[in-house]
Amino acid sequence: MAKVYVLTSGKGGVGKTTLTANLGTAMALGGERVALIDADIGLKNLDVVMGLENRIIYTLIDVANGKVNVFDALVRHKQIKNLSLLPASQIATKEMISPDDMKRIINEMKERFDYIFVDCPAGIERGFRNAVAGAEEALVITTPELPAITDADRVIGLLENMGFQDDKIHLIVNRFKAHMVRHGDMLNINDIKSALSIEVMGIVPDSEDIIISTNKGIPLVLEDGSSANMHKILNGIVRRLKGEEIPIPKLSELEDKKGFLEAIKSFFKRHQSGDD
Amino acid sequence: MGFFSIFTRRKTKKVETNARDSAKERLNALVGSGRRMVYRIDDFKDAKELEEKTAEIKNEIQKKASQLFKTDENKIKVVVEEHNGYVVIIANINFE
């Protein structure tokens, strides 16, 4: 039976979709049977980040309306056969599906997968309630800025209201900039943790590699040439989700230390496009 | 003159507040450091009665909408949600 996680935040643009794609892919690379559900109906993106946008035939709405079986709507990943995506529709709206529909669909999927990750839309209205309905645990994503943290606090309150116990709500701090924390320009992990009063599942540093991989439609964990540190950090979160006791990286471990040659190489790579 | 003015400008520069301290102070004012208040609707209502009444309301809406829009009752989904003490009723009518 699958363990179901919802990735939520309240605020938009904090990296829910990117993290859903990368954590799901990293989990599948470890041999687990993984399904990703795009619950962001109307503003779907998970298929684009996964590079599966051209393979969609049926969507979540078709399944909710009984047009097709949930397993007929799943899109299997090109390279990783144990990774599937249940895509969302772009022309539908969040109101066309109910929390009960989501519970039913997820229950049907549970038997064939080990892990299910639900990508929640921004906001706390209908889309949020749909995405959360079938989940057992929540990963609240925030960036280290005040608007994202205050929205995360509101979302945690709503999750608790819906019956999620404290130990079922975990925090992931995304786009963390260690050098800004060192210079006193950004909140540190303890500041965020004490404000939100929940356990930290992971810290993901800000990385240009994420933008590059998203543009290519290949999750970062599948890219050989990308940062080894990011691979390590994302795999650390995946292992924690599996129940392993992996320590949270220290500030110094969050920084991608490039060698002299690598730094020169990336400098020239950046200027090759000729935009600046 | 120009060379020495560089040093005089530096001396008069204001001491800026640390961004982290300012953010921490504002975060504390916005969120606080205590536990969140949790109000669950079934904590202060008879859960069984609430369930019965909700089903009754849903049925009534389904019937009315079915007559009004001339569609099957099973094509109408009614969801009742509680948002901060307000009850929100969403009726989803599938015309297909």
Side-chain angles (χ1 to χ4, degrees), chain A residues 61-62 64-67 92-102 104 124-126 128-130 132-133 142 144-166 169 177 180-188 190-198, chain B residues 14-45 47 50-51 54-55 57-59 61-62 65 69 71-96:
Chain A
I61 294 288
D62 296 319
N65 289 340
K67 202 171 165 186
T93 68
K94 293 167 182 79
E95 283 70 30
M96 288 168 78
I97 192 163
S98 72
D100 286 342
D101 290 330
M102 281 298 279
R104 181 179 55 80
I124 51 169
E125 296 85 24
R126 188 61 185 273
F128 166 74
R129 282 167 191 265
N130 284 340
V132 164
T142 186
E145 295 113 39
L146 284 196
I149 301 168
T150 50
D151 284 2
D153 182 67
R154 176 93 174 97
V155 160
I156 295 164
L158 287 172
L159 288 168
E160 286 175 347
N161 216 337
M162 287 169 163
F164 280 77
Q165 297 296 315
D166 273 6
I169 308 171
K177 295 182 180 183
M180 286 187 76
V181 171
R182 199 169 289 119
H183 294 135
D185 291 330
M186 189 181 258
L187 290 164
N188 66 32
N190 284 334
D191 298 334
I192 301 168
K193 198 180 162 183
S194 67
L196 297 179
S197 314
I198 57 165
Chain B
K14 279 181 190 171
V15 180
E16 284 178 22
T17 333
N18 185 318
R20 181 214 159 194
D21 292 341
S22 153
K24 203 176 164 185
E25 203 181 306
R26 292 178 65 212
L27 184 63
N28 201 37
L30 286 163
V31 173
S33 53
R35 297 298 302 152
R36 282 163 287 272
M37 296 287 278
V38 177
Y39 300 105
R40 292 200 55 177
I41 197 162
D42 49 1
D43 280 349
F44 50 90
K45 282 271 183 188
L50 181 74
E51 210 173 290
T54 308
I57 292 166
K58 280 183 179 180
N59 283 338
I61 294 170
Q62 261 177 335
F69 297 106
T71 184
D72 284 347
E73 270 188 43
N74 59 13
K75 287 194 172 181
I76 301 161
K77 286 182 203 165
V78 182
V79 181
V80 181
E81 293 173 356
E82 183 265 336
H83 292 243
N84 289 334
Y86 291 91
V87 175
V88 179
I89 302 172
I90 303 161
N92 179 356
I93 304 159
N94 186 354
F95 291 102
E96 193 180 13

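On a predicted model such as this, the values are computed, not experimentally measured, just so you know. Labels below follow one simple rule: chain letters A, B, ... track the order of the sequence lines, proteins then strands, and each chain is numbered from 1.
For the residue pair A:Met186 and B:Arg20, the shortest heavy atom distance occurs at O-CG, 3.3 Å. Of all heavy-atom pairs between B:Leu30 and A:Leu146, the closest is CD1-CD1, 4.3 Å. Counting all heavy atoms, side chain and backbone alike, A:Asp191 lies closest to B:Leu27 at O-CD2, 4.2 Å.
Highest contact tally toward chain B, considering only A:Asn188, A:Val181, A:Asp100, is held by A:Asn188 [criterion: heavy-atom pairs under 4.5 Å].
With a 4.5 angstrom heavy-atom cutoff, A:Pro99 touches chain B only via side-chain atoms. Contact of A:Met96 with chain B is made through backbone and side chain together, with heavy-atom distances under 4.5 Å.
Residues meeting the side chain to side chain donor-acceptor pair (under 3.5 Å) test with A:Arg182, sequence neighbours left out: A:Glu255. Applying the side chain to side chain donor-acceptor pair (under 3.5 Å) rule to B:Glu25 yields no partners; only residues at least two apart in sequence or on another chain are considered.
With respect to the salt-bridge test (charged N to carboxylate O, under 4.0 angstrom), the residues B:Lys77 and A:Asp101 qualify.
The 12-atom threshold is not exceeded at NZ of A:Lys177, counting heavy atoms of other residues, nucleotides or ligands nearer than 6.0 Å.
Residues A:Arg126 and B:Val79 have side chains in contact (heavy-atom distance under 4.5 Å, counting atoms from C-beta outward).
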